[in-house]
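Notes for the one structure printed next.
When a ligand or atom number is given, it counts from 1 through the structure's own listing order. Please read these numbers as outputs of a predicted model, since none were measured by experiment.
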Amino acid sequence: MSNVEQPFVVQEQALDRDCTTLSRHVLQQLHSFSADAQDLSAIMNRIALAAKLIARRLSRAGLLEGVLGFTGDVNVQGESVKKMDVYANDVFISVFKQSGLVCRLASEEMEKPYYIPENCPIGRYTLLYDPIDGSSNVDININVGSIFAIRQQEGTDENQTGGDLLQNGRKQIAAGYVLYGPSTMLVYSIGTGVHAFTLDPSLGEFILSSENIQIPNHGPIYSVNEGNFWQWEEPLRDYIRYVHRQEGYTARYGGALVGDIHRILFQGGVFLYPGTVKKPEGKLRLLYESAPLAFLIEQAGGRASTGTEDILDVVPNAIHARSPLLIGSKEDVTLVESFIQKRAWDEDKNAIARSRVPQ
Ligand code: P6P
């Protein structure tokens, strides 16, 4: 190829990438222009619009009145509500309200799902989301995220309880997160791999930046709040004692799930939020935190488990059900599980030995 032709090819490739918007990428992934494909593409586009609105507000939070700080309310989780939590929650409702795409929105911030009756023909979609994850970081300008999952409504849900949402994570048809960091990134999967888009503020578009992301099978990072060490069961303590004695591990914990997961997705390692004395079932919510991230990480070649069961197999008993979470590189999640299994095995072995001692 002559030197003259070279710049044109490079320019064409750059242009083509700048034209690979999120909605186009979804259609490419589905190899289809069917009504369902168009719906899913439009849903992802609406999520991107919500992300742009939230990113804009976050970028000026320190300059505007009424953005930072608490509302004075406590949400269904028993957590103090940040003004940014409410704003972000309302943004998702607003961008979907007139869309004709989504029948219900189930959010960390709302006790019951929000219904959009005119959008509720049977089989319509439901958005499950954590509008601002890690909102404790908002007031100190540290990265936060939004987490989302798309499911299809099953049945009529005529009493509007969202009962059909209480199914395992393999019912998700799409999932992802938005990371509001130095740049705003949207990372998603519709079951055909994991792809990352970076917001180009000059275009006002999310542009494809990484395609078919694969998480390393092992990585140096372990991400956990070691301040809870005293509350953990022994096997988790055994794992932490192990990594403290091994070369090659490094601790990274940002206090905001999306940033910690994003780091592990690209660099490898494991994030842990196990059950504690105060919260035996764990802190993180299954339907709109653990399950969407498990869907994504499994699509990237990683694993997500409660310690004894794959996250995607867990059936919640309530919309705001919580679960312990081990998630990240395949080898690292399996290593943590091995400490849990070994302890269980030792306990069984000791119980058998005790049962054989003559009374
Ligand atoms: P802790 C934020 O409140 C959050 O839900 C996740 O984003 C984060 O991983 C976790 O809680 C942090 O919890 O108990 O370590 O402060």
Can you tell me if CD on Gln28 sees more than 12 non-hydrogen neighbours from other groups inside 6.0 Å? yes
Amino acids contacting ligand 1, non-hydrogen cut-off under 4.0 Å: Asp133, Gly134, Asn225, Tyr253, Gly255, Ala256, Leu257, Phe271, Tyr273, Lys283, Leu284, Arg285, Glu289
Co-members of the apolar cluster containing Leu27 [side chain, <4.5 Å]: Phe33
Apart from Ile140 itself, what residues make up its hydrophobic cluster, given side-chain heavy atom links below 4.5 Å? Ile142
side-chain contact (heavy atoms from CB on, under 4.5 Å) filter on Gln267, not counting sequence neighbours, yields Ile221, Arg263
When the ring centroid of Tyr288 is compared with that of Phe148, is the distance short of 6.0 Å? no
Distance-only, no hydrogens or angles: does the Asp133 side chain make a donor-acceptor pair with backbone N or O of Ile147 under 3.5 Å? no
